[in-house]
Amino acid sequence: MKSRIEWKHAAVAVLALTMVACSSSESGPAADGSSSTHSEPQAGGEITVLTNNFSTGWVPSKSASNLYEAQVWGQITDKLVYVDNDGKVFPWLAESWDVSEDGTEYVLHLRPGVTFSDGTPFDAETAVANLNIWAAGDSRRGITRVALFPKSFESAAAVDDHTVKVTLNRPDLSFIPSLGYHGTIVLSKKTLDLSVDEQSDLSNIAGSGPFVVTSWAPNQEVVLEKRPDYNWPAENAQHEGQAYLDTITFRVIPDDLQRGTSVESGQADIAQNVPPEELSAAKSEGFVVQTPRFFGAVHGLQLRLSAQHLDDIKVRQAIQHAINRDEILQTVYTQDWLPATTIFNSNVPEAVDLSDRFAFDQARAEQLLDEAGWNQVGEDGIRVKDGERLSFWAVPTPYVSTSKLEWEVIAQQLKAAGIEVTLRNADISAYAKYGTDDSLPFYEAHNSLVDAGASSYAQWSSGGADQFRANDPKLDGLLNDFNLEQDAAKRRDLAIEVQEYILDQAYFVPLEQISQGTYLQSSKVKGVVFNVVARPWYYDTWLDQSA
Amino acid sequence: MSLPGPGITTPGLTSPLSAATAGTTDRRKVAAWRPGSNANPYLKYAFARLFQAAAVILLTYLVIFLVVTVIPGDPIENQLRSPENDFTEDEIRAVTSFYGLDKPVVEQLVVALGRFFTGNFGFSLVSNRPVTTVIAEALPSTLTLASLAVLFSLVLAFAIGFGAVFLPPRWGGRLLRMFPSLFLSVPNFTIGLLIIEVLSFQLGLFTLSDQHGVYAAVFPAIALAIPVSAQLTQVLITSLDTVRRQPYVTVAIAKGLSPATIFGRQLLKPSSLPVVTVLALTIGEVLGGSVITEAVFARKGIGSVVETAVLNQDVPVLQAAVTLAAIVFITINLFTDLIYPILDPRLRIEHASAQGNPA
């Protein structure tokens, strides 16, 4: 009897503790982001940025384009040009450039007076060394080139101290913008000459960025301090001279919810990759949500015609129309995500709105399946033809964190039309194997672009990765023309034709526009800008103490 | 993380709870080991143990290599083959050959063995940091966490043990006896998450974004200590109960000594012996638990090094980290084996008589 009473006490104690734990979600700071929009930027202050991991480490050729490490690279290094989130190009370390008549020679005029944090100057020779590493890497030293760097690059030579001549093997309009995309961070000559093992120590790396590394701990944190003599921001910057913030501390917290809650409880200022379901709650409490668009293909399904049942265009079109994108956006994402309008994200200049071609229409989907001969329905609701069930399998990509959730919704939607999808799990190694499997029905697209023409050719033509396994000469021809056309107007027509053709053939089922890296920000943090590949630049960032 | 079975270094201890009794008999056998030999049996015993220990460490190193090599993929290829990239097969081959990953498994094994015997564990395949640096940078943080956790679990065990034996059942004595089962059945990540939610996000006693110094280690150490203390507490309570029924304790109670005095003077030392044995096993648990605790509290340390290495198939780092764990575990067990007779005079008597009367 007595022990029972004691149990009750224990139960009450545990319950009380749990209630304390649960009440947390209602007691976050009630910051208001509206009152302070007109104040002037103030210098000074420190911010803490939380991220998933820094496990790839600091060998530049390995992590410069990585979602997580690139946040740090973007503050300690500069690029030759800055390409903003809308795809507009601004001069940076390259002040200006001239193009030859035939489009195969570029002369870059470099900004004088730029120095690296190791004291060495930025000059033409350094720029040439960087360009060569980006284009070709150095496999004998284990250094890879920059992925997707234009294959048109042939050579670079220093003309004088601050002039570089670049020769291309064919005219390429994407050459200049690509200098502002992934991986093309400018490093000092000394840094480039280090072995990969020496480069792995972040303290050995010298860039010319507005911040320098003061301390770092592997896969745990990086502390940056502003460079007092910095005075060469990109032309789109809102101010000159040194950065506003005194220090930036990047800290790894692997758990998604803990990162979000840390910002909500005022323990940090910015959290990367907070799950969508957490974002709406935080937003209503006055926190700022950033979902920078990403320069690339939309998140979507590339259908492989080599897989069972997918050689039939009606089945592919049925899948296209059976998927309800609004429902996916509502269940898996928030209003900060945009629906796909074509196969490219809408900040890609070539993107056109073709959303009516793959709109949700279940009746249409069912009609298409009936026409394709899948007109009998089994007891389990799955369509049958000649004794065979209309069944597919799918492997959610480990590269998109919401992919699994999204597939669960898609599987339900397809089931409503009589199509079965069973899901398999894969880690990165296993997924790489699936990627080369001809019998894989759906391979998710979420790749970045450097140039829509070159990337489309690389991904979809039979001379490239051949993701559709379509064996379609018309597609190959279109992709080839789109890749090589240099006349802007003709190129635009070809771009539209490619998008229409791929959607009409239902080779590609667009889902939503990719926002790579979502950021939850305290309302005090102002002036964060994102470049074309959705990486943040904290040069103009300042802390509004009145917020 | 799997650790070498305790059977090798602590004979007969299949269940930690049986340690209290089993340990004593086993060590008596040990003391009488090869009684006819002229050499000091302890010395021989110690050498045999050392040899076994070295063999286990080498095996651990090899097994980790084989397990990770059997799994498809490696960190270099995984990175190069990301759908984001456009590297050709030739380019991928050139880089994997730079890291020696294109060599046959047997050849890679020889290289790995060479590293083991020279103590140069190579470089991380992911971050390219020297493996010894990776380990050396992570070690202090884990040592702080582990020593605090062991300290807290001892304090907890003795506090609960004292309460369980001396508090009247209605005043909590009975309730306290349930604590070991309760502590053992709550996973330490649950405790960790509760601590973070209440003590960090609610009360602001610490932040996850600043983990420097000993203070920051206190909270994860509590989370780690609670489940770890369960075994210690259970063994201590059982042992205290046994000793308390001894006639000399009844005499002490009859003399009117206070519970605290009886606990401190009469019970503590004889009841601690089994605790020492279990404590050695606990070190393994602390090492294993630190993987989870470090993950939950976003702490850097050996645990998080192991976790990242497993996720990224970073063989050199994983081999070194797990081997280190094996070395620690085995060394502590060896140490326990060797100091046990010093703590228990009865074993010394056995030892002396065994030498005096060769069978």
Side-chain angles (χ1 to χ4, degrees), chain A residues 2-3 6-7 9-10 17-18 20-21 23-24 27 48 50 53 55-59 62 65 137 139-142 144-145 147-148 182 196-197 199-201 217-220 249 251-255 258 261-262 264-265 267-268 397 399 428-430 432-433 435 444-448 458 465, chain B residues 71-74 76-87 90-91 93-95 97-99 123-124 126-130 133-134 137-138 141 169-170 172 174-175 178 182 193-194 196-198 200-202 204 207-211 295-296 298-300 304-305 307-308 311-314:
Chain A
K2 276 166 197 158
S3 67
E6 281 154 3
W7 265 117
H9 284 295
L17 206 61
T18 321
V20 172
S23 65
S24 67
S27 57
T48 301
L50 307 179
N53 71 68
S55 63
T56 310
W58 302 104
V59 174
K62 283 188 164 186
S65 59
S139 55
R140 281 164 310 155
R141 295 199 288 142
T144 43
R145 66 175 167 84
L148 301 174
H182 278 307
V196 277
D197 297 335
Q199 286 179 343
S200 71
D201 184 347
N219 204 15
Q220 187 184 24
T249 303
R251 162 95 194 146
V252 170
I253 295 188
D255 185 80
Q258 283 181 1
T261 317
S262 290
E264 287 172 65
S265 65
Q267 297 182 4
T397 172
Y399 291 95
I428 294 208
S429 294
K433 287 261 182 306
E444 284 171 65
H446 48 80
N447 46 294
S448 52
Chain B
I71 300 171
D74 64 64
I76 305 296
E77 263 199 60
N78 283 352
Q79 204 194 6
L80 298 179
R81 287 192 192 279
S82 150
E84 283 284 297
N85 294 337
D86 61 339
F87 295 115
D90 283 346
E91 286 174 315
R93 213 168 303 128
V95 179
S97 101
F98 171 80
Y99 288 97
F123 294 87
S124 157
V126 179
S127 70
N128 288 71
R129 304 281 292 151
T133 313
V134 172
E137 282 169 338
S141 159
R170 64 158 74 177
R174 206 192 306 257
L175 184 69
M178 295 169 182
L182 178 71
L193 290 175
L194 265 175
I196 291 171
E197 185 60 50
V198 178
S200 173
F201 293 152
Q202 297 282 318
T207 68
L208 290 177
S209 51
D210 182 11
Q211 302 249 335
V296 169
R299 272 180 75 82
K300 188 187 70 132
S304 65
V305 165
E307 192 206 357
T308 318
L311 284 176
N312 295 321
Q313 296 175 253
D314 195 349

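Just so you know, these numbers come straight off a predicted model, no measurement behind them. In what follows, chains carry the letters A, B, and so on, assigned in the order in which the sequence lines appear, proteins first and then strands, with residues in each chain numbered from 1.
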Answer with side chain, backbone, both or neither: which region of B/Phe123 has an atom nearer than 4.5 Å to a non-hydrogen atom of chain A?
-> side chain
Minimum-distance pair of heavy atoms, taken over all atoms of B/Phe201 and A/Ser262 | CE2-OG, 3.6 Å
Spacing of B/Ile196 atom CD1 and A/Ser265 atom OG [to the nearest 0.5 Å] | 11.0 Å
Which distance, rounded to the nearest 0.5 Å, do you find between the CG of A/Asp255 and the CG of B/Leu193?
-> 7.5 Å
CZ on B/Arg81 to NZ on A/Lys433, rounded to 0.5 Å | 7.5 Å
Select one option (side chain, backbone, both, neither) describing which atoms of A/Val196 are under 4.5 Å from chain B's heavy atoms.
-> both
Answer with side chain, backbone, both or neither: which region of A/Leu148 has an atom nearer than 4.5 Å to a non-hydrogen atom of chain B?
-> both
Tell me, for A/Asn219 versus chain B, whether the close heavy atoms (under 4.5 Å) come from the side chain, the backbone, both or neither.
-> side chain
Minimal non-hydrogen separation, B/Leu208 against A/Arg251, with atom names = O-NE, 3.1 Å
Checking A/Arg140 against chain B: side chain, backbone, both or neither under 4.5 Å from a heavy atom?
-> backbone
Choice from A/Pro254, A/Ser139, A/Ser65 maximising heavy atom contacts with chain B below 4.5 Å | A/Ser139
Portion of A/Gln199 that has a non-hydrogen atom of chain B nearer than 4.5 angstrom | neither
Which answer fits A/Asp201, side chain, backbone, both or neither, if we ask what part of it has an atom under 4.5 Å from a heavy atom of chain B?
-> both
Any idea which of A/Asp197, A/Ile253, A/Thr249 has the most non-hydrogen atom pairs under 4.5 angstrom with chain B?
-> A/Asp197
Is there a side-chain contact between A/Thr144 and B/Leu80, using heavy atoms and a 4.5 Å cut-off?
-> yes
The ring pair (Phe, Tyr, Trp, His ring centres under 6.0 Å) partners of A/Tyr399 (sequence neighbours excluded) come to A/His446
Distance-only side-chain donor-acceptor flag, A/Gln267 / B/Ser200, under 3.5 Å = yes
Look at the side chain of A/Gln258 and the backbone N and O of B/Val296, then say whether any donor-acceptor pair between them is shorter than 3.5 Å.
-> yes
Smallest separation among heavy atoms of B/Lys300 and A/Pro218, with atom names = CD-O, 3.7 Å
With only heavy atoms counted, which part of B/Thr207 is less than 4.5 Å from chain A, the side chain, the backbone, both or neither?
-> both
Heavy-atom nearest pair, A/Lys62 first then B/Val126, reads NZ-O, 3.0 Å
Output the distance between atom OG (A/Ser55) and atom CG (B/Asn312), rounded to the nearest 0.5 Å.
-> 4.5 Å
What part of B/Val134 gets closer than 4.5 Å to chain A, counting heavy atoms only: side chain, backbone, both or neither?
-> neither
Please state whether the side chain, the backbone, both or neither of A/Thr48 comes within less than 4.5 Å of a heavy atom of chain B.
-> side chain
Cut-off 4.5 Å, heavy atoms of chain A, and the answer for B/Ile76 is side chain
Shortest non-hydrogen pair, A/Arg145 vs B/Glu91, comes out as NE-OE2, 2.6 Å
Compare every heavy atom of B/Ser127 with every heavy atom of A/Ser200, then report the nearest pair and how far apart it is.
-> CB-O, 3.0 Å
Under 4.5 Å from a heavy atom of chain A, the part of B/Gln313 involved = side chain
